[in-house]
Structure formats: structure tokens, C-alpha cells
Amino acid sequence: MENNKRILAIDFARGVSVLMVIMVHTLWIYGDLSTQGDTWLGEVIHFIGKGTPMFLLAMGVSFTLSRNQNMILSIKRGIYILLAGYIMNLLKFVVPTIIGTTPDSFIEAYGWTPPANMDNMLFMLLTGDILQLAGVSLLFMGVINKLSKNKYVPLIIAFLIILTTKEVHGFQLGISGVDYIFDLMWGAEWNVYFAVFPWFSFILIGMFFGMWYKENNKSERYIFVRMLPAGIILMLIGGGLCYYNFEYHFGDYFHLGPGGAIYLTGFNLLLLRFAFMMVTRIQPNKVFDFLYYCSKRVTTIYIIQWVIICWGMGILGYQQFGITGVLILLPIFTIITLLLQKGLDILLTPKKVKNNKVISRKSIV
């Protein structure tokens, strides 16, 4: 979204987040179970994966600064993101399955007997990923923003979602299409990884900080300094709850309980505070420019990396590599993703006609 004033710390955090995602997905698809669960590399990358809410918090902040905050535009944007999410599922799961390059071991990991049938492919097509979460959330964000400009409204809704998550997890009516919508909202199974309950709460808390930022004359220091004590307090509360009952409050990460959501909110507020410290204390440089580049293209980079990682299974297999293999594959998939993104940039570069010749806008600047 185009912002009146970009917050570099938010762009920094979002750029880091999308690069971390490539690492996490490479480990999941190509690292064997021992590498994922019993090695330093698995521990490090799974810890990195805990930074996903940082992207969602950044999304909430960015929404409050966008020129496109009215309800209709937010709903249109939400539908666009939802469509992109299902196209991504089609490309990364269904297409390689139809052409026969998806390994049998990947199909068997779902508990199915290969080859995958139509029901299996429909399941994969409808898988709820972070783009489905973002799309559904945008539908709600426009309504919330329309009903109230009070910064405490999204904050209250966020904590209501957090506190009621475990009570509604898995609720269904036994009606096929309706149950799928319920799964997107609060699903407890593996057809949805990022259900609205509780993951939307991170976006809403980001909206709270974005509104607070606007109320205080767009003072970045005012907001990011306050993320530090807020983050520490939330980590202590959430960490205490997880210590008391880890299974209920944290669970399997994708289906967080109240304590886990509170803890990760605090943890990622501290990461945003660190991002602010980085961009304010270190001079602008090529690395930062690269992260800002990734931030502005977060959706397409996310789609590209998932598609090429899944297509790569047709050549490399599923969960076949140890530490050395994963370490080799991490930069390979990152570089391929970025090269494809650069190619997409070139393809979509606006062009102008001058003297009956088509030339790129970049060449006339």
C-alpha cells in the first residue's frame, strides 16, 4: 500500500520477514525430520519462524497509513489477496500434482495414498495460508476502520480474539461450504495454517500502534520507544501462561492459545523496536535498500518462493536433505526467488511511447 510517509523500520521488518520465510519453507520441504527437529539448524530456523507475527504487526501499521483505507477499497484489496492466495495454491500444489512431479512421499505425508485424487487436490487448493489470512483480515479491517477511528477499538477486538481463540477452535456446523469458512476463521486442523483466530489479533495490534502514531504527530520515536515496555510486559504475561500450561496456551504454533499469542505479540514488538534502532542508528546502506525493496514486493516474493520451492520437489524430492544440503539450498532458493522477482519488475515496468518508439520509463528518467 502507498503510504503518505513510509516508516523505514516497518519496511525493514517486513523485508526481513519475507526473507526469513524462504528459509523456513526450504527447511520444511527439504530438510529431513532429524534435521528439522534434532539439529542446531532446525532450532535456529524454527526460532526465526517465530518472527511471522512481525509481518502481521507491520501490515496493521501500514494499513493505518494507507491512502486506501475506506471500506470498499479495503474489501476489494482483500478479495484480490484472497484470489492471489488460491492462485498460489494452484501453482504450488495442484499444477505439479497434475503433471506428476509431486513426490509420492509428499502425498503420503498428508495421510493419503498416491497418486493424489481430485478430493486431495481440492484440499490442497483450499489450504489456508498467510495470504488467505491477509485477505480475510482486510475484509474486516475496512469495516472496523469505518465504524470507529478510536485506536482502542482494534486493540480491544484483538484481545477478545486472543482470549476466545481456544473456545471456538474447530467449531463447525457440519455444512460443507460453511465449515470451510469457519475453518478460515478458527480452524483447528491442518487445512488452515493461519486462522483468523488468533492471527488477526497481531494485525489489529499493529493497527492500534499505527493509529497511536498518527495521533502523536507521526512521531516514530514516540511509538517505537513504547513498544519496548509493552513487548516486555506481554512476553512476561504470555510466557508465564505458557509455562503454566504449554499445550493449551501455545500448542503447535499454528493453533496458538491465549498465552502463546500474547507472548509472540510481545516478542515481535521487541523485534520491531530493534528494527527501529537499526534504521535510526546505522547509516542508509545497500543492505537496507535491499530490504526496503523486498518489503515493497512482499506479496509477489511470497508467492514466487512458495511456488519454486514446491516445484523443486519434482527434482530434489521431499524432506531428503541433512544440514549441509539445506544450507546449500537456502541461498539457491533465495537467489532464484529474487531473480524471478526482478524479472517480474522488468516485465511490469511502465512504458511510454516517444517518437514512435516504445521505451522504458527508467530510460527517460
**Asked** Any side-chain heavy atom of H255 within less than 4.5 Å of one from D252?
**Response** yes
**Asked** Does anything in residues 98-110 pair up under side-chain hydrogen bond (donor to acceptor under 3.5 Å, both in side chains), and if so which pairs, sequence neighbours excluded?
**Response** T97-T102
**Request:** Write out all pairs satisfying salt bridge (Lys or Arg N to Asp or Glu O under 4.0 Å) with one or both partners inside residues 146-156, taking only residues at least two apart or from two chains.
**Result:** K151-E215
**Fill in**
Sorted by chain and number, sequence neighbours left out, side-chain hydrogen bond (donor to acceptor under 3.5 Å, both in side chains) with T127 holds for none
**Item:** ring-ring contact (aromatic ring centres under 6.0 Å, His included) partners of Y263, counting only residues at least two apart
**Value:** none
**Request:** Apply side-chain hydrogen bond (donor to acceptor under 3.5 Å, both in side chains) to R297 and list each qualifying residue two or more places apart in sequence or on a separate chain.
**Result:** D345
**Item:** Proximity of Y30 and F333 rings by center, below 6.0 Å
**Value:** yes
**Prompt:** With sequence neighbours excluded, what pairs up with F246 under the ring-ring contact (aromatic ring centres under 6.0 Å, His included) test?
**Reply:** F250
**Item:** Pair listing, side-chain hydrogen bond (donor to acceptor under 3.5 Å, both in side chains) test, anchored in residues 136-145, at least two apart
**Value:** Q69-N145
**Side chains of F182 and F171 in contact at under 4.5 Å (non-hydrogen atoms)** = yes
**Message:** Just to verify, what does Y180 make a ring-ring contact (aromatic ring centres under 6.0 Å, His included) with, not counting sequence neighbours?
**Reply:** none
**Request:** List in chain and number order the residues that pass side-chain hydrogen bond (donor to acceptor under 3.5 Å, both in side chains) with Q36, two or more places apart in sequence or in another chain; answer none if no residue qualifies.
**Result:** none
**Request:** Tell me, please, which residues at least two apart from T64 pass side-chain hydrogen bond (donor to acceptor under 3.5 Å, both in side chains).
**Result:** none
**Item:** ring-ring contact (aromatic ring centres under 6.0 Å, His included) partners for Y293, two or more places apart
**Value:** none
**Prompt:** So, do F194 and F254 have ring centers that fall under 6.0 Å from each other?
**Reply:** yes
**Asked** Is F159 reachable from I232 through a run of hydrophobic residues whose side-chain heavy atoms are each under 4.5 Å from the next?
**Response** yes
**side-chain hydrogen bond (donor to acceptor under 3.5 Å, both in side chains) contacts touching residues 183-209 (sequence neighbours left out)** = Q172-D183, D183-N191
**Message:** So F208 and L204, do their side chains get closer than 4.5 Å, heavy atoms only?
**Reply:** no
